[in-house]
Amino acid sequence: PAERIIRVQSPDGVKRITATKRETAAAFLKKVAKEFGFQNNGFSVYINRNKTGEITASSTKSLSLLKIQHGDLLFLFPSGLAGPSSEMETSAPPGLKACGAPSVPFDEDYLNHLEPPVKHMSFHAYIRKLTGGADKGKFVALENISCKIKSGCEGHLPWPNGICTKCQPSAITLNRQKYRHVDNIMFENHTVADRFLDFWRKTGNQHFGYLYGRYTEHKDIPLGIRAEVAAIYEPPQIGTQNSLELLEDPKAEVVDEIAAKLGLRKVGWIFTDLVSEDTRKGTVRYSRNKDTYFLSSEECITAGDFQNKHPNICRLSPDGHFGSKFVTAVATGGPDNQVHFEGYQVSNQCMALVRDECLLPCKDAPELGYAKESSSEQYVPDVFYKDIDKFGNEITQLARPLPVEYLIIDITTTFPKDPVYTFSISQNPFPIENRDVLGETQDFHSLATYLSQNTSSVFLDTISDFHLLLFLVTNEVMPLQDSISLLLEAVRTRNEELAQTWKKSEQWATIEQLCSTVGVQLPGLHEYGAVGGPTHAAAAAMWACQHCTFMNQPGTGHCEMCSLPRT
């Protein structure tokens with residue numbers, strides 16, 4: 001019989017249960033109990049949200065007879081919540097008690113009394129608020145803002161010769177967003193951030209990176225979400241003391257694929273804005289604050305573009321997505337003139353203005369943006385924001401120009417008391433990609449040097465380096481994209497036995513042979529793939545150019561890469 005997916009909603013979220021149409025209610029409830037971790041009598045499941053149509057374990061009816069179809073949503077109430085006066089959506093998660101009475105995760109008084117106070121409720125708390133009324137959110141639909149003329153209106157000529165109220169987008173009044181999709185950014189350990197900062201320390205030039213990690217529960221905020229950063233990938237770029245330019249990255253898709261196999265995803269971006277103040281004291285200038293700006297208009301537009309490219313899946317939106325969990329981190333000077341990491345997102349309204357190309361930066365005032373004016377090529381709806389005049393009255397202003405503070409949501413950025421290490425930390429780490437300007441290159445000479453300096457008997461510790469794994473996959477001499485899945489799985493699951501299995505492969509033997517040809521002695525090379533190994537004859541016949549380290553085919557007198565003679 002065909003399988004079907006049945007969704008079951010509980011106070012802790014929705015889970016998907018696989019069942020067959022002939023499965024009995026009793027068998028199905030056993031699966032539910034196992035999935036949610038309940039005893040068989042510790043909960044009740046209903047077909048309807050108002051606790052009618054209970055599915056009982058004593059029933060011998062099949063799911064088909066109960067008219068439960070593929071994709072249906074059922075409602076689970078723990079025994080303590082199953083009474084008629086209880087409401088699942090507003091029941092308090094553990095720890096949400098205030099003044100002796102149950103509280104809710106979107107209660108502003110409760111959030112304001114947390115230490116530190118929470119300015120923005122979590123997105124899931126916001127959802128709980130929308131679905132917690134008398135109608136249980138039956139009519140809730142999170143509409144994505146559109147600033148474009150609706151297509152298909154045939155009652156008049158197309159813009160700029162005609163427009164009507166049916167196709168004309170509504171004016172936008174900017175409001176400070178009360179919720180945020182991510183409540184905390186946490187770097188797993190200081191080394192991840194320090195290695196990124198090293199580029200600025202050595203050059204004085206600003207730098208850019210993508211944050212790779214995972215989204216986890218943030219327990220300090222009701223129903224909160226945390227972006228945990230495990231690694232920073234540095235794409236091709238040109239940085240100066242006051243500018244950054246991203247270049248085309250041919251490896252972008254491969255990096256995402258490798259990260260996914262490591263259980264990671266791109267969760268945000270980071271850039272430096274650092275100016276040294278006193279080199280003897282190691283202090284930096286404190287330039288981003290309430291008297292200047294926290295994010296410039298140009299940075300807000302970039303953040304909005306990134307967020308649009310990484311939408312947040314949301315079933316309450318007709319489009320299937322709403323907002324984004326993609327975060328922005330800035331390494332900049334703090335009030336103590338030390339390097340601080342600040343976290344932000346831009347609002348959903350800002351995302352819409354950026355997506356529909358309605359927002360421009362102000363050239364000479366980074367704290368101001370500018371809503372475009374309509375032209376013959378593009379209709380732009382009016383954009384307003386509310387301000388307080390000198391008499392204390394609230395007034396509505398046209399967003400030309402616009403203070404970008406209306407677009408920004410700040411996110412706390414932290415380091416854990418007990419560091420976490422998805423990847424190994426070495427005193428002599430493998431070079432980071434795209435740092436040739438520093439003379440730090442990823443090649444087989446640097447790989448050989450790394451292996452000679454990291455001689456741990458635990459191979460998993462040696463190989464668990466994000467930048468090293470990327471090099472193994474993307475190098476031009478012997479890319480391992482098609483044969484590295486087993487190693488990536490070993491790193492993801494911290495499985496030394498699996499790593500040792502991969503180490504015995506022909507691919508690793510060849511890698512070691514390539515390393516041996518660049519003049520660095522590798523300890524233990526004879527174990528796998530040395531003289532007499534399966535690839536020795538082919539690898540030994542190749543030769544490494546002393547000028548560019550390119551591995552050349554046997555019998556060639558000049559390097560195929562740089563054309564210099566073999567020496």
Side-chain angles (χ1 to χ4, degrees), residues 120 123 142-151 159-160 163 167-182 208 242-246 268-271 273 288 290 292-312 317 319 321-330 342-387 395-411:
H120 305 277
F123 180 64
L142 296 175
E143 298 279 354
N144 288 294
I145 301 167
S146 175
C147 307
K148 291 184 175 180
I149 296 174
K150 291 180 183 177
S151 59
W159 177 264
I163 196 169
C167 63
Q168 181 180 8
S170 301
I172 298 172
T173 299
L174 297 172
N175 300 303
R176 289 183 173 88
Q177 194 165 291
K178 292 186 176 180
Y179 60 87
R180 56 188 175 188
H181 292 273
V182 173
F208 174 100
N242 52 23
S243 70
L244 272 171
E245 179 188 355
L246 282 187
W269 65 299
I270 183 172
F271 65 94
D273 180 22
R288 291 177 182 247
K290 61 182 179 62
T292 55
Y293 60 90
F294 296 103
L295 280 185
S296 71
S297 54
E298 195 166 5
E299 292 157 1
C300 286
I301 292 170
T302 304
D305 186 51
F306 279 135
Q307 289 178 207
N308 282 317
K309 290 174 179 174
H310 298 85
N312 178 60
S317 169
D319 303 318
H321 61 84
F322 187 76
S324 172
K325 291 198 287 285
F326 203 80
V327 299
T328 297
V330 188
E342 309 293 346
Y344 303 98
Q345 282 194 301
V346 292
S347 67
N348 291 14
Q349 288 181 322
C350 179
M351 287 174 62
L353 292 173
V354 172
R355 182 196 63 231
D356 295 334
E357 300 179 351
C358 299
L359 186 62
L360 299 171
C362 284
K363 185 176 181 181
D364 300 321
E367 74 279 8
L368 298 176
Y370 193 88
K372 262 189 190 179
E373 299 180 52
S374 294
S375 65
S376 57
E377 290 79 27
Q378 179 187 9
Y379 176 84
V380 179
D382 286 332
V383 181
F384 302 97
Y385 68 96
K386 292 184 178 180
D387 201 359
I395 56 174
T396 300
Q397 300 270 51
L398 190 61
R400 299 185 185 122
L402 155 72
V404 295
E405 63 191 74
Y406 283 84
L407 310 175
I408 298 172
I409 301 150
D410 60 292
I411 304 174

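Fair warning: this is a prediction, and the values are worked out from it, not measured in the lab.
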Check: [X] side chain, [Y] main-chain N or O, donor-acceptor pair, under 3.5 Å:
| X | Y | answer |
| --- | --- | --- |
| Gln349 | Ile172 | no |
| Asn312 | Lys325 | no |
| Tyr406 | Cys350 | no |
| Ser324 | Asn308 | no |

[X] to [Y] - nearest heavy-atom pair and separation:
| X | Y | value |
| --- | --- | --- |
| Ala171 | Phe384 | CB-CE1, 4.1 Å |
| Asn144 | Gly323 | OD1-N, 4.2 Å |
| Asp387 | Gln397 | CB-CG, 4.2 Å |
| Asp410 | Arg180 | O-NH1, 2.8 Å |
| Ile411 | Val327 | CD1-CG1, 4.0 Å |
| Leu368 | Val404 | C-CG1, 4.0 Å |

Would you give the length of the straight line joining atom [atom1] of [X] to atom [atom2] of [Y], rounded to the nearest 0.5 angstrom?
| X | Y | atom1 | atom2 | result |
| --- | --- | --- | --- | --- |
| Leu174 | Thr396 | CG | OG1 | 11.0 Å |
| His120 | Gln177 | NE2 | CD | 8.5 Å |
| Phe326 | Met351 | CZ | CE | 11.0 Å |
| Leu244 | Leu246 | CG | CG | 7.0 Å |
| Leu407 | Arg176 | CG | CZ | 10.0 Å |
| Phe208 | Ile270 | CZ | CD1 | 10.0 Å |

For residues 373-383, dump all side-chain donor-acceptor pairs below 3.5 Å to protein atoms at least two apart in sequence or in another chain.
from, atom 1, to, atom 2, distance (Å)
Glu373, OE2, Tyr370, OH, 3.1
Ser374, OG, Val380, N, 2.8
Ser374, OG, Val380, O, 3.1
Ser375, OG, Glu377, N, 3.3
Ser375, OG, Glu377, OE1, 3.4
Ser375, OG, Gln378, N, 3.3
Gln378, OE1, Lys372, NZ, 3.1
Gln378, NE2, Asp356, O, 3.0
Gln378, NE2, Glu357, O, 3.2
Tyr379, OH, Gln168, NE2, 2.6

Measuring only between side-chain heavy atoms, which start at C-beta, is Glu299 closer than 4.5 Å to Thr328? no
- Do Val330 and Leu295 have side-chain heavy atoms sitting under 4.5 Å apart? yes
With sequence neighbours left out, the residues meeting ring pair (Phe, Tyr, Trp, His ring centres under 6.0 Å) with His321 are none
The ring pair (Phe, Tyr, Trp, His ring centres under 6.0 Å) partners of Tyr179 (sequence neighbours excluded) come to Phe123, Tyr126, His181
Between Thr302 and Trp269, is the side-chain contact (heavy atoms from CB on, under 4.5 Å) condition met? List the steps. CA-CA 10 Å; Thr302 304; Trp269 65 299; 3.8 Å; yes
Residues passing the salt bridge (charged side-chain N to carboxylate O under 4.0 Å, His left out) test with Arg355, sequence neighbours excluded, are none
Across all chains, not counting sequence neighbours, the side-chain hydrogen bond (donor to acceptor under 3.5 Å, both in side chains) partners of Tyr293 are none
The side-chain hydrogen bond (donor to acceptor under 3.5 Å, both in side chains) partners of Trp159 (sequence neighbours excluded) come to none
Using the side-chain contact (heavy atoms from CB on, under 4.5 Å) rule, take Leu402 and Leu359 through it: C-alpha gap first, then chi angles, then the decisive distance, then the call. CA-CA 10 Å; Leu402 155 72; Leu359 186 62; 4.1 Å; yes
